[in-house]
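The residues of the chain are indexed from 1 along the displayed sequence. What you see is a predicted model; the values in this text were computed from it and never measured. Order of listing sets the numbers, starting from 1, for every ligand and every atom in it.
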Amino acid sequence: MSLMLGCIADDYTGASDLANTLTRQGLRTIQTIGVPDAGLALGTVDAVVVALKTRSISSADAVARSLAALGWLRGKGARHIMFKICSTFDSTDAGNIGPVTEALAAALDAPVVPVTPAFPETGRTVFQGHLFVGSRPLHESPLKDHPLNPMHDSDLVRVLARQSRHGVGLVAHDVVSQGAAAIAARLAALAASGMRSAIVDAISEPDLIALGAAALRLPLSTGASGLGLGLARAARGESAGTAPPVWEAPGGPAAIIAGSCAAATLEQIAAVEPDLPVHRLDIDRLLNDPVYADAALASTEAQLSQGPVLLASSATPDVVAQLKAAHGDDVGARIEAALARLAAGLVERGVRRLIVAGGETSGAVIDRLGVAALEIGPEIAPGVPLLRSIGGAPMLFALKSGNFGGADFFRRALAAMGVAA
Ligand SMILES: Nc1ncnc2c1ncn2[C@@H]1O[C@H](COP(=O)(O)OP(=O)(O)OP(=O)(O)O)[C@@H](O)[C@H]1O
Ligand SMILES: O=C(O)[C@@H](O)C(=O)CO
């Protein structure tokens with residue numbers, strides 16, 4: 001059986017966000033962690049999202065890993081490839097959205113690649129090539145303070161052009177609003193004039209549905225979950241979707257690990273603090289004192305038998321800036337590794353329901369736990385589904401993108417896992 005859609009995601013929370021959207025649009029979807037081993041039983045699926053951790057690595061590595069994922073998806077007969085990026089276009093001038101898109105396009109012989117991070121359900125819209133987060137342009141949103149890739153330019157044609165070897169065009173909203181045929185004609189005209197990719201405006205679901213129909217005729221598209229919605233609608237027709245599965249909650253305690261410093265995550269931690277133990281980690285000690293992590297784990301043990309526990313490195317932009325100045329630019333990666341070790345320690349202590357906040361943090365944790373693939377369950381919040389591991393003793397997960405979810409996200413996620421907080 002060939003796949004309707006083969007997707008390559010540049011981080012793990014982004015992958016589960018896309019898998020959630022595809023599932024809700026009626027495509028049977030699974031998320032794999034990296035390129036699967038030959039032994040992974042796929043079952044009958046319409047779409048596979050291969051989750052990579054390539055958003056913040058060197059562009060050469062990101063290209064190599066994405067091409068490996070492409071090779072596997074083509075082996076499964078994927079009819080269209082979507083490269084899933086962040087709805088806030090998280091990247092630097094060195095990449096990786098441009099280099100990976102161009103490498104995939106070359107491998108697929110794609111004449112032009114439509115690119116849009118629009119995801120109106122979570123407030124991300126693109127108009128005249130400018131990305132808005134809610135009512136603010138990207139460069140005035142909290143993304144200007146991101147610890148790994150602060151975003152200082154809202155003009156995505158300009159941002160993508162700085163990362164690309166070929167010209168970048170724009171399919172503006174006046175064209176998008178005329179529907180799929182008009183979008184396809186504009187993309188073909190841009191290709192004829194030498195452009196190899198184009199930012200596509202989208203401010204609403206009808207825009208995304210029109211874009212999906214135009215994009216599906218091409219071999220490759222790049223975007224966030226809104227593009228996924230459009231592609232799924234086009235691939236699947238007007239299907240009402242499949243009912244989300246109901247899973248029996250595994251026994252064992254629940255815990256939350258937060259490595260995201262996004263404004264939404266900070267608010268979510270504060271909101272749950274009156275109801276459960278919150279360990280705000282001392283980053284200097286976490287990075288430098290070999291016994292600190294063990295002591296932190298030991299102090300959670302008695303608490304875990306009473307209810308969920310939250311361990312957080314999350315900090316405000318001023319504290320993040322101080323830590324980067326004191327420890328260097330790789331402080332983020334070192335914190336991720338420390339949080340992943342803590343997550344493994346929690347699992348050794350019986351935790352079977354785990355919520356992780358932050359895409360890079362989720363990548364480090366899921367890799368450390370050796371999860372091979374994930375099934376997609378009911379939606380907890382827009383862009384965040386409940387997940388169940390495939391292979392081995394099942395665990396439940398929620399992998400939350402930094403800026404997703406309302407103030408009560410952790411309570412909702414725990415409830416979805418059968419835990420009262
Ligand atoms: N106190 C801190 N100081 C500096 N960096 C931190 C601190 N706590 C966490 N970090 C790092 O900040 C980065 C946060 O990235 P992560 O992707 O996990 O969250 P996010 O960007 O909010 O989420 P997403 O990518 O899903 O939007 C990680 O590299 C993490 O280790
Ligand atoms: O698109 C988004 O915003 C998310 O799925 C994500 O990728 C954040 O890491």
Pair Arg349 + Glu301, salt bridge at N-O below 4.0 Å =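 Looking at Glu301 together with Arg349, the answer is yes, because their closest N to O distance falls below 4.0 Å.
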Just go through Gly226, Ser87, Gly363, Gly228 and tell me whose heavy atom is the nearest to atom 1 (O) of ligand 2.
-> Ser87
Taking only heavy atoms of [X] into account, list the atoms of ligand 1 that are under 4.0 Å away from them.
X      : result
Thr13  : 26 (O)
Ala315 : 1 (N)
Glu336 : 28 (C), 29 (O), 31 (O)

Can you find an N or O of [X] that's nearer than 3.5 Å to an N or O of ligand 1?
X      : value
Gly332 : yes
Ser313 : yes
Ile335 : no

Which protein heavy atom lies closest to [atom], and at what distance to 0.1 Å?
atom                    : value
atom 4 (C) of ligand 2  : Ser401 OG, 3.2 Å
atom 17 (O) of ligand 1 : Glu360 N, 2.8 Å
atom 7 (O) of ligand 2  : Arg55 NH2, 2.7 Å

For ligand 2, find out whether one of its N or O atoms is nearer than 3.5 Å to an N or O atom of Asp17.
-> yes
Are any of the heavy atoms in [X] under 4.0 Å away from ligand 1?
X      : value
Arg334 : no
Val319 : no
Val320 : yes

Using a 4.0 Å heavy-atom threshold (strictly under), name the region of Phe119 that reaches ligand 2: side chain, backbone, both or neither.
-> neither
Donor on one side chain, acceptor on other, Ser154 and His130, under 3.5 Å = no
Does the side chain of Thr101 come under 3.5 Å of the side chain of Thr222 through a donor N or O and an acceptor N or O?
-> yes
Test of understanding: given a 4.0 Å heavy-atom threshold, classify the contact between [X] and ligand 1 as side chain, backbone, both, or neither.
X      : result
His146 : side chain
Leu323 : side chain
Leu339 : neither

